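Below is one structure, written out as structure tokens; comments come after it.
Not measured: the values here are computed from a predicted model.
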Amino acid sequence: MFETRFGLKYLHARGHHHLATNRLQAALADFRRCGELMREWSLDLPALAPWRSDTARVQLALHQREAARELIGEELALPGAAGARTRGIALRVLAAARDLKQRPLLLREAVDLLQASGDRVELVRALAGLSRAHHSLGEFNRARMMGRRALQVATDCGAEELCRQLLAGQDMADGADSAEADEADSAEALSDAERRVAALAAMGHTNREIGSRLYITVSTVEQHLTRVYRKLDVTRRTDLPLRLKDGDYSFPQQVTAERWPVGAEA
């Protein structure tokens with residue numbers, strides 16, 4: 001088996017099992033062996049097995065941040081690394097290796113990409129990471145918003161225990177259950193354009209970033225938000241609902257996340 005590509009998948013999966021059970025050196029050995037074989041066979045493609053991202057996760061657990069950043073930089077420069085899932089995972093891991101203030105931007109892009117890829121478990125990880133970053137920065141409203149969204153996605157895909165572990169120590173209560181029904185009903189009154197703007201605003205994007213992503217002017221963004229606030233009876237973006245009808249923070253397919261510069265402090 002270890003002379004075929006199935007051996008690569010086996011090593012990659014076993015490495016994840018070791019990582020999940022905190023056998024870090026065993027995980028490191030499997031991920032590195034997987035990478036060695038992929039390079040030897042000229043199959044070093046992140047879409048096949050993103051062994052660098054996984055090795056970087058182990059290195060972060062071992063407090064080797066510089067080595068982790070270097071590996072992620074290598075991965076993002078490889079052919080095929082632009083895929084939504086592959087890039088989203090890489091940026092999520094890279095965020096953990098960066099300074100705290102740099103994390104939200106990387107994690108928001110990771111969330112966008114993983115939402116588009118359909119990998120809900122990795123989306124839970126990215127949302128939980130974004131919640132923790134906001135919490136560490138003292139942005140508690142944003143932390144609660146992202147934490148509740150992580151719990152919502154986790155509930156939909158059966159990853160509640162993982163989410164609880166990732167958000168351990170953070171309070172996601174604040175009457176979220178009782179408010180969700182009213183928020184969903186109010187969101188029905190939004191137009192498609194208003195819903196897209198509201199979704200991005202709720203994720204923490206600035207008006208200029210929203211305009212750039214949706215190809216509209218900042219003035220148009222402000223007009224949409226004014227109507228959104230009035231319809232939802234809120235006064236600021238941190239009060240925007242977590243559940244928006246039809247797609248739950250879906251974004252237009254033509255909108256692409258900003259690319260992380262290749263070689264930038266990696």
Side-chain angles (χ1 to χ4, degrees), residues 19 46 50-78 81-117 119 121-150 153 163 165-170 199-213 218 237-238 240 249 251 255-266:
L19 180 58
W51 66 271
R52 288 179 179 83
S53 290
D54 297 313
T55 301
R57 288 179 60 192
V58 180
Q59 290 172 328
L60 286 171
L62 295 171
H63 308 292
Q64 300 170 0
R65 294 178 64 191
E66 185 61 37
R69 284 197 295 266
E70 186 174 328
L71 269 182
I72 295 299
E74 290 179 10
E75 180 159 300
L76 290 172
L78 287 172
R85 181 178 182 274
T86 300
R87 183 173 176 80
I89 293 173
L91 290 179
R92 178 183 65 76
V93 179
L94 178 62
R98 293 280 179 178
D99 293 334
L100 179 59
K101 290 184 178 179
Q102 296 176 308
R103 292 175 192 172
L105 180 62
L106 289 168
L107 287 167
R108 283 198 295 269
E109 183 176 352
V111 165
D112 290 354
L113 290 166
L114 292 168
Q115 172 86 27
S117 78
D119 189 327
V121 173
E122 286 295 337
L123 178 59
V124 169
R125 294 183 187 276
L127 287 166
L130 186 54
S131 177
R132 292 198 308 273
H134 284 311
H135 191 273
S136 297
L137 289 167
E139 300 168 350
F140 300 116
N141 284 335
R142 288 184 175 182
R144 279 192 291 272
M145 277 201 310
M146 294 303 104
R148 290 176 192 165
R149 188 179 171 213
V153 176
C163 191
Q165 292 174 8
L166 294 173
L167 294 175
Q170 289 186 218
L200 287 166
M203 285 292 298
H205 294 287
T206 66
N207 290 356
R208 186 175 298 277
E209 289 170 342
I210 295 171
S212 175
R213 284 170 178 258
V218 173
R237 63 185 66 206
T238 53
L240 289 170
Y249 291 86
F251 307 125
V255 177
T256 57
E258 297 91 356
R259 297 187 61 81
W260 186 257
V262 173
E265 200 204 326

### Message
Check whether S212 reaches the backbone of E209 with its side chain - one donor and one acceptor, N or O, closer than 3.5 Å.
### Response
no
> Quick one: does L71's side chain get under 4.5 Å of E74's, heavy atoms only?
Replying inline: yes
So, the side chain of R85 versus the backbone of L114: is there a donor-acceptor pair under 3.5 Å, distance only? no
Looking only at heavy atoms, the pair that brings A110 and G88 closest together is CB-O, 3.4 Å
Closest non-hydrogen contact found for L100 with A133 is CD1-O, 4.0 Å
d(E139 CD, M145 CE) to nearest 0.5 Å is 10.0 Å
- Task: Would you indicate whether the side-chain heavy atoms of R108 and V111 approach each other to under 4.5 Å?
- Result: no
Is the H135-F140 ring centre distance short of 6.0 angstrom?
yes
Test Q115 against V153 for side-chain contact (heavy atoms from CB on, under 4.5 Å), laying out the working first. CA-CA 10 Å; Q115 172 86 27; V153 176; 5.8 Å; no
Here the gap from E70 atom CD to Q64 atom CD, rounded to the nearest 0.5 Å, amounts to 11.5 Å
d(R149 CZ, S131 OG) to nearest 0.5 Å is 12.0 Å
For L137 and P104, the nearest pair of non-hydrogen atoms, with its separation, is CD1-CG, 3.8 Å
Rounded to the nearest 0.5 Å, the CG atom of L123 sits from the CD1 atom of I89 at a distance of 11.0 Å
Does the side chain of D119 come within less than 4.5 Å of V121's, by heavy atoms?
-> yes
**Report entry** Check against side-chain contact (heavy atoms from CB on, under 4.5 Å), D112 and H205
**Finding:** CA-CA 11 Å; D112 290 354; H205 294 287; 3.9 Å; yes
* Asked: Is I72 close to R52 at the side-chain level, that is, under 4.5 Å between some pair of heavy atoms?
  -> no
Is there a side-chain contact between R103 and L106 in this structure, where contact means two heavy atoms from C-beta onward sitting under 4.5 Å apart? no
From the list L127, L107, L113, side chain to side chain contact (heavy atoms under 4.5 Å, CB included) partner of R92 resolves to L107
Separation between OG (S53) and CG (L91), nearest 0.5 Å, reads 9.0 Å
task: For the pair R69 (side chain) and A97 (backbone), establish whether a donor and an acceptor sit closer than 3.5 Å, ignoring hydrogens and angles.
output: yes
* Residue pair L166, R132: steps toward the side-chain contact (heavy atoms from CB on, under 4.5 Å) verdict -> CA-CA 9 Å; L166 294 173; R132 292 198 308 273; 3.8 Å; yes
Report task. State whether D99 and R65 are salt-bridged, where the test is any N-O pair (Lys NZ or Arg NE/NH1/NH2 against Asp/Glu carboxylate O) under 4.0 Å. Result -> yes
Practice item. Under the side-chain contact (heavy atoms from CB on, under 4.5 Å) rule, what do D54 and R57 come out as? Steps first, then yes or no, please. Key: CA-CA 5 Å; D54 297 313; R57 288 179 60 192; 4.2 Å; yes
Residues A90 and L76: closest non-hydrogen pair is CB-CD2, 3.8 Å
